[in-house]
Peer 1: 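Please read through the structure below; I'll follow up with questions.
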Amino acid sequence: ALLAVLATFLVLGMSGLALADQTWNDLPDSVTAKYGITDNQVAGISEGYPGGLWRPFSNVNRAQFTKMAVAAFDISLAYSALASYTDVPKSNYYYPYIEGAKAAGIVTGTTATTFSPNLKITRQQALAIVARYIAKAQGYDLATMYTPDELAALLSHFGDAASISPDLKDEVAFAFDMGITTGDDYGNIKPLANLTRIQAAALLIRAQGL
């Protein structure tokens, strides 16, 4: 189910480095087990909050998810001389993560000059980041991989396919084709819905296996 697969997305915190054997008061095994991951895996790709909290059900924004993806896929940080986005200056905490992800070709801005780092990431945006990384790692070119008919056939598996952004259809189709997501129990992708931290962590952890 899409909800379970999307749960794969990485978790990102604001402070306190998460060590491999660290646990959080609000992240019991009953929560991680539901998504088929462990707190050790979560700790390997994310940070927690003060007070021993991880906040598994808080939504993830675009900057946070990008940082998680960089950690999950071992992408090098980048310190470009000029910022790629006007709303992520060099003084921004997430600057090297977003620049690194952009250099790796897995993120794009919300406009030609902005990244909108504080906007909550949507499911289709998160899937696109994962799809781009896996496609590149496996030698696929998303721009030419599917014919229009093939693309339509893949997306037809989702009842709400019409809601998928035109510029993200290749990525979502690839995510379905590769088994990264299958949709929810009702056959929908919910492209515009937001992701929680635990969903983000689960998606990224599972994607590491691909």
Peer 1: Is it true that K190 and D184 make a salt bridge, defined as a side-chain N closer than 4.0 Å to a carboxylate O?
Peer 2: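 Yes.
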Peer 1: Decide whether a cation-pi geometry holds between K67 and Y94; the criteria are a distance under 6.0 Å from NZ or CZ to the six-membered ring centre and an angle within 45° of the ring axis.
Peer 2: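 The answer is no; the distance or angle limit is not met.
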Peer 1: Which atoms form the tightest heavy-atom contact between A83 and P89, and what is the distance?
Peer 2: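 Here A83 and P89 meet closest at CB-CA, 4.3 Å.
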Peer 1: Would you say that more than 12 heavy atoms from the other residues, nucleotides or ligands in this model lie under 6.0 Å from the NZ of K102, or not?
Peer 2: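 Result for NZ/K102: open.
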Peer 1: Which heavy atom in A69 sits nearest to a heavy atom in I129, and how many Å separate them?
Peer 2: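 Heavy atoms of A69 and I129 come nearest at CB-CG2, 4.0 Å.
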Peer 1: Looking only at atom types and distance, does a side-chain atom of D87 sit under 3.5 Å from a main-chain N or O of S116, one as donor and one as acceptor?
Peer 2: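 At least one qualifying donor-acceptor pair exists.
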Peer 1: Taking T114 for the side chain and T110 for the main chain, is one N or O donor matched with an acceptor at less than 3.5 Å?
Peer 2: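 The answer is no, because no donor-acceptor pair under 3.5 Å joins these two groups.
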Peer 1: Sub-3.5 Å donor-acceptor pair from the side chain of N61 to the main-chain atoms of Q64, do we have one?
Peer 2: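 Checking the backbone N and O of Q64 against the side chain of N61, a donor-acceptor pair under 3.5 Å is found.
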Peer 1: Can you tell me which residue pairs pass the salt bridge (Lys or Arg N to Asp or Glu O under 4.0 Å) test with a partner in residues 127-146, sequence neighbours excluded?
Peer 2: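 Counting only pairs at least two positions apart or across chains, the salt bridge (Lys or Arg N to Asp or Glu O under 4.0 Å) contacts touching residues 127-146 are R132-E171.
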Peer 1: Please find the pair of heavy atoms, one from N92 and one from P96, that lie closest to each other, and give the distance.
Peer 2: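 For N92 and P96, the tightest heavy-atom pair comes out as O-CD, 4.2 Å.
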Peer 1: Looking only at atom types and distance, does a side-chain atom of R206 sit under 3.5 Å from a main-chain N or O of Y35, one as donor and one as acceptor?
Peer 2: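 Such a contact is found between R206 side chain and Y35 backbone.
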Peer 1: List the steps and the verdict of side chain to side chain contact (heavy atoms under 4.5 Å, CB included) for Y97 and L77.
Peer 2: CA-CA 5 Å; Y97 301 98; L77 304 186; 3.3 Å; yes
Peer 1: Verify the cluster assignment for Y93 and Y85: are they in a single hydrophobic cluster under the rule of side-chain heavy atoms below 4.5 Å apart?
Peer 2: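 Yes: a chain of side-chain contacts under 4.5 Å links Y93 to Y85.
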Peer 1: Is there a side-chain contact between L192 and R123 (heavy atoms, below 4.5 Å)?
Peer 2: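 No, every pair of side-chain atoms sits at 4.5 Å or beyond.
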Peer 1: Can a donor-acceptor pair be found, under 3.5 Å and without considering hydrogens, that links the side chain of T86 to the backbone of T113?
Peer 2: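 Yes, the answer is positive, given that a donor and an acceptor are paired below the 3.5 Å cut-off.
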Peer 1: Give the minimum heavy-atom separation between F65 and V60, together with the two atoms involved.
Peer 2: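 Answer, listing the atom of F65 first, then V60: N-CG1, 3.4 Å.
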Peer 1: Where is the tightest heavy-atom contact between P56 and T196, given as atom of each residue plus distance?
Peer 2: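 Shortest heavy-atom contact: O-CB, 3.5 Å.
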Peer 1: I'd like to know whether L151 forms a side chain to side chain contact (heavy atoms under 4.5 Å, CB included) with K169, so could you lay out the CA-CA distance, the side-chain angles of the two residues, the decisive distance to 0.1 Å, and finally the verdict.
Peer 2: CA-CA 8 Å; L151 188 67; K169 287 186 175 181; 4.2 Å; yes
Peer 1: Check step by step if side chain to side chain contact (heavy atoms under 4.5 Å, CB included) holds for I198 and L27.
Peer 2: CA-CA 9 Å; I198 188 65; L27 191 65; 4.1 Å; yes
Peer 1: With sequence neighbours excluded, what pairs up with Y186 under the ring-ring contact (aromatic ring centres under 6.0 Å, His included) test?
Peer 2: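 Result, ring-ring contact (aromatic ring centres under 6.0 Å, His included) vs Y186: none returned.
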Peer 1: Verify, without hydrogens or angle tests, whether Q138 (side chain) and L210 (backbone) share a donor-acceptor contact under 3.5 angstrom.
Peer 2: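 Between the backbone of L210 and the side chain of Q138 there is a qualifying donor-acceptor contact (under 3.5 Å).
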Peer 1: Decide ring pair (Phe, Tyr, Trp, His ring centres under 6.0 Å) for F174 and Y146; before the verdict, give the C-alpha distance in whole Å, the side-chain angles of both, and the deciding distance to 0.1 Å.
Peer 2: CA-CA 9 Å; F174 180 82; Y146 303 115; 7.0 Å; no
Peer 1: Determine yes or no for a side-chain-to-main-chain donor-acceptor pair under 3.5 angstrom, with N194 supplying the side chain and I121 the backbone.
Peer 2: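 Yes, N194 side chain to I121 backbone: donor-acceptor pair under 3.5 Å.
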Peer 1: Do L119 and V88 share a hydrophobic cluster, counting only Ile, Leu, Val, Met, Phe, Trp and Tyr and linking them when any side-chain heavy atoms are less than 4.5 Å apart?
Peer 2: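 Not linked; separate clusters.
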Peer 1: Determine whether a donor-acceptor pair (N or O, by modelled atom type, separation under 3.5 Å) exists between the side chain of T38 and the backbone of Q41.
Peer 2: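 Between the backbone of Q41 and the side chain of T38 there is a qualifying donor-acceptor contact (under 3.5 Å).
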Peer 1: On a heavy-atom basis, which atom in A207 and which in V130 lie closest, and how many Å separate them?
Peer 2: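 Reported closest heavy-atom pair: CB-CG1, 3.6 Å.
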Peer 1: Testing T122, L168, I189 for side-chain contact (heavy atoms from CB on, under 4.5 Å) with L127, which one passes?
Peer 2: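 Looking at T122, L168, I189, the match for L127 under the side-chain contact (heavy atoms from CB on, under 4.5 Å) is I189.
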Peer 1: Apply side chain to side chain contact (heavy atoms under 4.5 Å, CB included) to the pair E99 and Y79, showing each step before the final yes or no.
Peer 2: CA-CA 7 Å; E99 291 291 338; Y79 298 86; over 6 Å; no
Peer 1: Determine yes or no for a side-chain-to-main-chain donor-acceptor pair under 3.5 angstrom, with Q208 supplying the side chain and A72 the backbone.
Peer 2: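 Here the side-chain-to-backbone pair exists.
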Peer 1: Within the structure provided, determine whether L155 and F176 are in side-chain contact (heavy-atom separation under 4.5 Å).
Peer 2: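 No, every pair of side-chain atoms sits at 4.5 Å or beyond.
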